[in-house]
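Keep in mind that the numbers below use all heavy atoms, side chains included, and drop hydrogens, waters and symmetry copies. Everything numeric in this text was worked out from a predicted model, so none of it was measured.
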Amino acid sequence: EVQLQASGGGLVQAGGSLRLSCEASGFTVDDYAIGWFRQAPGKQREGVAYISSSDGSKYYADSVKGRFTISSDNAKNTVYLQMNRLKPWDTAVYYCAADRSPWATTHLRLGYGMDYSGKGTQVTVSS
């Protein structure tokens, strides 16, 4: 059974940091494009960051470049999202997702259509 278990969310003040973890089971993260998307109340989903399965390259949304870092630990089959200098508009539910279709990177940029996604973890940034 495929599962993506996200954790690490919480309440933090603006300027603070959080590290999200996404533990995958039922598949190997190295075989998939894998990343994070978020959704704030009343807003569209936004792809935040992902790691490409083809060459390991990393994508970041403009809104998080320079502040967020995605990484993976293949031995633990886990993907991380280190979030620094958090801002109130980073408040959202964060989800991890994986895809290995030919449209994987498009799906992960949009936050829609991925093969697998898990339950989210709430991140709240207070001003």
Side-chain angles (χ1 to χ4, degrees):
E1 180 186 3
V2 170
Q3 284 192 335
L4 290 164
Q5 183 65 50
S7 61
L11 173 63
V12 64
Q13 286 190 328
S17 298
L18 284 172
R19 188 175 83 152
L20 305 183
S21 300
C22 174
E23 184 174 357
S25 58
F27 71 99
T28 303
V29 297
D30 206 27
D31 292 338
Y32 283 70
I34 189 163
W36 297 86
F37 68 94
R38 65 187 180 185
Q39 187 162 26
K43 293 191 176 180
Q44 291 268 22
R45 291 181 183 181
E46 177 187 18
V48 175
Y50 67 76
I51 301 174
S52 169
S53 60
S54 59
D55 60 3
S57 59
K58 298 175 181 178
Y59 160 86
Y60 296 95
D62 288 342
S63 57
V64 306
K65 275 181 186 173
R67 301 188 297 121
F68 291 11
T69 303
I70 189 170
S71 62
S72 64
D73 184 333
N74 291 340
K76 295 183 178 179
N77 220 32
T78 298
V79 176
Y80 303 97
L81 186 68
Q82 178 67 44
M83 305 187 296
N84 298 329
R85 292 186 281 131
L86 282 160
K87 303 180 186 298
W89 51 86
D90 292 319
T91 295
V93 179
Y94 284 71
Y95 303 84
C96 62
D99 195 308
R100 64 175 179 180
S101 72
W103 309 277
T105 55
T106 299
H107 290 162
L108 286 165
R109 287 185 188 217
L110 294 175
Y112 290 94
M114 293 75 68
D115 291 337
Y116 306 114
S117 61
K119 292 182 180 179
T121 184
Q122 175 72 47
V123 171
T124 302
V125 185
S126 64
S127 57

Report whether [X] and [Y] are members of the same hydrophobic cluster (ILVMFWY, side-chain heavy atoms less than 4.5 Å apart, transitive linking).
X    : Y    : answer
V29  : L108 : no
Y116 : I70  : yes
Y50  : F68  : no
Y80  : V64  : no
W36  : V2   : yes

Open item on the list: When you compare the side chain of T105 with that of Y59, does any pair of heavy atoms fall below 4.5 Å?
Closed with: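 No, every pair of side-chain atoms sits at 4.5 Å or beyond.
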
Open item on the list: Ring of Y112, cation from R45 - is the NZ or CZ under 6.0 Å from the centre and inside 45° of the axis?
Closed with: yes

Task: cation_pi(R38, Y94) dist<6.0 Å, angle<=45 - done: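 No cation-pi geometry.
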
More than 12 heavy atoms of other groups within 6.0 Å of [X] [atom1]:
X    : atom1 : value
Q122 : CD    : yes
Q82  : CD    : yes
K76  : NZ    : no
K87  : NZ    : yes

How about [X] and [Y]: does a side-chain donor come under 3.5 Å of a side-chain acceptor?
X    : Y    : answer
Y32  : R100 : yes
R67  : Y60  : no
S101 : D99  : yes
E46  : S63  : yes

Open item on the list: If the condition is ring-ring contact (aromatic ring centres under 6.0 Å, His included), which residues does Y95 pass it with, not counting sequence neighbours?
Closed with: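 Y95 satisfies ring-ring contact (aromatic ring centres under 6.0 Å, His included) with F37 once adjacent residues are dropped.
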
To the closest 0.5 Å, what do you measure between [atom1] ([X]) and [atom2] ([Y])?
X    : Y   : atom1 : atom2 : answer
D31  : S53 : CG    : OG    : 8.0 Å
S126 : L86 : OG    : CG    : 10.0 Å
S7   : R19 : OG    : CZ    : 9.0 Å
I51  : S57 : CD1   : OG    : 9.5 Å
T121 : Q5  : OG1   : CD    : 9.0 Å

Search all heavy atoms of [X] against all heavy atoms of [Y] and return the closest pair with its distance.
X    : Y    : result
A98  : M114 : O-CB, 3.7 Å
S17  : N84  : OG-OD1, 3.0 Å
A14  : P88  : CB-CD, 4.1 Å
V123 : M83  : CG2-CE, 3.8 Å
L81  : A49  : CD1-CB, 4.2 Å
L4   : C22  : CD2-SG, 3.6 Å

Open item on the list: Using only atom types and a distance under 3.5 Å, with no angle test, would you say the side chain of S72 pairs donor to acceptor with the backbone of N74?
Closed with: no

Open item on the list: For the backbone of V125 and the side chain of T91, can you confirm whether one donor and one acceptor N or O come within less than 3.5 Å of each other?
Closed with: yes

Task: Stepwise salt bridge (charged side-chain N to carboxylate O under 4.0 Å, His left out) check, K65 with D62 - done: CA-CA 5 Å; K65 275 181 186 173; D62 288 342; 3.1 Å; yes

